[in-house]
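From a predicted model like this one, the values you see are computed outputs, not experimental measurements. Chain naming here is simple, since letters A, B, ... match the order of the sequence lines and numbering starts at 1 in each.
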2 protein chains.
Amino acid sequence: MSAVRLVDDLSAVSAKAEWLDTILKGDCIAALERLPEKSVDVIFADPPYNLQLEGDLHRPDQSKVDAVDDAWDQFESFEVYDAFTRAWLLAARRVLKPNGTIWVIGSYHNIFRVGAKLQDLGFWILNDVIWRKTNPMPNFRGRRFQNAHETLIWASRDQSAKGYTFNYDAMKAANDDLQMRTDWLFPICTGGERLKDENGDKVHPTQKPEALLARILMASSKPGDVVLDPFFGSGTTGAVAKRLGRHFVGIEREQSYIDAATARIAAVEPLGAGETAVMGGKRAEPRVAFGSLVEAGLIAPGAELSDARRRWTAQVRADGTLAIGRDAGSIHRLGAMVQGLEACNGWTFWHVEREGRLEPIDALRRVIRDQMAGVGA
Amino acid sequence: MSAVRLVDDLSAVSAKAEWLDTILKGDCIAALERLPEKSVDVIFADPPYNLQLEGDLHRPDQSKVDAVDDAWDQFESFEVYDAFTRAWLLAARRVLKPNGTIWVIGSYHNIFRVGAKLQDLGFWILNDVIWRKTNPMPNFRGRRFQNAHETLIWASRDQSAKGYTFNYDAMKAANDDLQMRTDWLFPICTGGERLKDENGDKVHPTQKPEALLARILMASSKPGDVVLDPFFGSGTTGAVAKRLGRHFVGIEREQSYIDAATARIAAVEPLGAGETAVMGGKRAEPRVAFGSLVEAGLIAPGAELSDARRRWTAQVRADGTLAIGRDAGSIHRLGAMVQGLEACNGWTFWHVEREGRLEPIDALRRVIRDQMAGVGA
DNA sequence: GGGCTTCTTGAATCGTCAC
DNA sequence: AGTGACGATTCAAGAAGCC
């Protein structure tokens, strides 16, 4: 590293410090353009829904439903909404790191337009996720199904971006050891979590539950990552990011929302590093070559390996390869060969006999890894 | 009615007779253009998803996943897919009655484009509905969330069309007297319902479950209505429409699918008029429940329920209601009615005969609940 | 037959690293 | 940038096989 680059880095860090963990006031697109490119790991966006409400809606008891009729949710036409969507998605894409991902939440009023535009701009959809509401608002007129969900789209920056963060093992563990599905069940934001002003009115009409953001950030970010929310509103994204040990950047136009979010986030107590750590699986473990087991004396050259049912056996050679008759190769290649398959995980396929029982050689790899961890500690 | 109008009507009926309850062979758009305008009550469309698969996918046991790689699912680009979508939606809109509605099913690969195009063409989205799968294919590589749902869009022809059919009370009654929500739980189509050819291979790669179509048609059509499916495939729409006393029209290009669908539909026994009747609109009338058991086939429409001492019996109907003579209602209400009580838990009151013994229907509900356990949350 | 295990399969945009 | 080696990864049902 040269001194010049070091200065560059320092200036970048310094520039970062100005906007990390802050709320930028102003228009979403203009603010996005002020941020450095490729600087954000995860974007969560809850854009205006373009609700096309005609007149007021009344409950059966004639009470008026407090509809989302704020000025920021009014668009003249689909064309105008599409142009707005395209503009902010483009600006968001510029600030996203190459391996960053974006989440957008919406309802049937806008989500189809957002999804199509995401695809048009080159984003690559990874999943659509359904937030099933335990307590949705009823359909008061009885003319449709009760609208009981919202839709989230999760997308990477490009089709070719394979290095995005997905904490698969953590998600699976949190779901009783079953893969996390695309249908999530959460209550809507009510009670003590719902921000109210001094009159007892809700601060923001569409405040999202923290549990939803927590799952999103636990699934697709790492501690220390930068999380951007271009429609910050009451700051749920910032509050959850801070609590989970992620940095946040919020963009918001309305001062009343900024005030509420600022106070809210200030009151958040971050969890400790141990609590926010992401559970990693085998993928996160350091690589160990089979040969190093032989070198370490955990398996002697000449030892015999077999599969779990003792259908095939192979001999360990001093160079860390296996041999069956005249054939030789890696533990993986020979495992594939004897089974007639394209591929094979030799670590779990091959076993060694210890005290009369067959044990996968993966258990020996564990020994090596524990030794490595012990040295590092 | 004048004689002229009567003749016109007759000729219309005569013309109808040629295509009602038939499968039209040929290109979807060309066939749609041969149908009279404003002649269809409900359209159910399962268009190609444009899956964009690249390499092979293997399960952890190295077996190869049988991908949907048929020629009909291949499109050169989003632009080509959009043009295709626009063309068939326009042709479908012409044949739809002014108060008709359209259902389209898709996945995240295509549904956003379909939804946006629906809006562009003037359709008015009533709901998006989520089909949650009890048994979806896992994500074998652990790189994303398990894709556990598909999305349906339900739309009317115009924003101004307020007279569309929605059997609100029947849906509510079938859902334990709660409004039917937009998240529906069904298994994918397997077992005896899945059509196989003489080699035991599946006839169609994406056959939809009949329970899904049953709910759609029970919700949005009346007996005698005309139901059109422009991507008929193996004919699930036709089979369910016939069983429920609706007319169907199918459009399909491939002869093998037509042959399978023809035989399948010929074997369907229509239910009696009493079983397919939808409950009247009066909200004060007794209501019913347990529709999901019926949709799931755990209890067949027409089956007889009785109380533990066989003092009373009632008949199950396709919309999830019970009938005793001229009376109809939820399991709770009819249980109360026959006993002369204010309230009654129909789940424990009503029994079904299995292997000569009476078993409370609550035991069947447990089956459904077991399906739901472990899902979501 | 019954209970148990094993096998099969489903609309799927399903790697990463070193050389 | 292209190539090849490493080695990580699955849930629910129904059907079939086995004692």
Using a cut-off of 4.0 Å on non-hydrogen atoms, how would the nucleic acid contact of A/Ser330 be classed: base, sugar-phosphate, or nothing?
sugar-phosphate
Under 4.0 Å between a Lys/Arg side-chain N and an Asp/Glu carboxylate O for B/Glu150 and B/Arg132?
no
Could you check A/Val288 against B/Pro136 and say which one's nearest nucleotide on DNA chain D is further toward the 5' end?
A/Val288
Determine the contact category for B/Asn50: base if any of its heavy atoms lies under 4.0 Å from a base atom, sugar-phosphate if only primed atoms, P, OP1 or OP2 are that close, otherwise nothing.
nothing
Using OP1 and OP2 only, check whether a side-chain N or O of B/Lys133 sits under 4.0 Å from D/dC11.
no
Any stacking of B/Phe140 on C/dC14, going by centres under 5.5 angstrom and planes within less than 30 degrees?
no
Between A/Trp184 and A/Ile216, is any pair of side-chain heavy atoms under 4.5 Å apart?
yes
Could you tell me which nucleotide pairs with C/dC17 by Watson-Crick or G-U wobble geometry, both distances under 3.5 Å, or answer none if nothing does?
D/dG4
Whole-Å distance between C/dA11 C1' and B/His109 NE2?
8 Å
Quantified in whole Å, what is the P atom distance between nucleotide D/dG7 and nucleotide C/dC19?
14 Å
Please determine if a side-chain N or O atom of B/Asn147 lies less than 4.0 Å away from the OP1 or OP2 oxygen of C/dA12.
no
Quick one, B/Arg264 with B/Asp259, criterion salt bridge (charged side-chain N to carboxylate O under 4.0 Å, His left out). Give me CA distance, side-chain angles, the key distance, then yes/no.
CA-CA 9 Å; B/Arg264 174 188 188 182; B/Asp259 294 340; over 6 Å; no
Please work out if B/Ser107 contacts a base, only the sugar-phosphate, or nothing of the nucleic acid, heavy-atom cut-off 4.0 Å.
nothing
I'd like to know if B/Arg194 reaches the base of D/dG14 with its side chain, counting only an N/O donor and acceptor under 3.5 Å.
no
Give me syn or anti for C/dT6, where syn covers glycosidic angles within 90 degrees of 0.
anti
Using heavy-atom distances to pick each residue's nearest nucleotide on DNA chain C, tell me which of B/Arg143 and B/Asp61 is more 5'.
B/Asp61
Calculate the interatomic distance between A/Met337 atom CE and D/dA5 atom C1'; express it in whole Å.
17 Å
With a 4.5 Å limit on heavy-atom distance, are the side chains of A/Arg365 and A/Leu298 in contact?
no
For B/Lys64 and C/dT9, is the shortest distance between a side-chain N/O and OP1 or OP2 below 4.0 Å?
no
So which one's nearest nucleotide on DNA chain C is more toward 5', B/Pro138 or B/Lys202?
B/Lys202
Mind checking if B/Pro47 touches a base, just sugar-phosphate, or nothing, with heavy atoms under 4.0 Å?
base
Report the distance from atom CG of B/Asp56 to atom P of C/dG15, rounded to the nearest whole Å.
12 Å
Sugar-phosphate only, base, or nothing, as touched by A/Ala289 at under 4.0 Å among non-hydrogen atoms
nothing
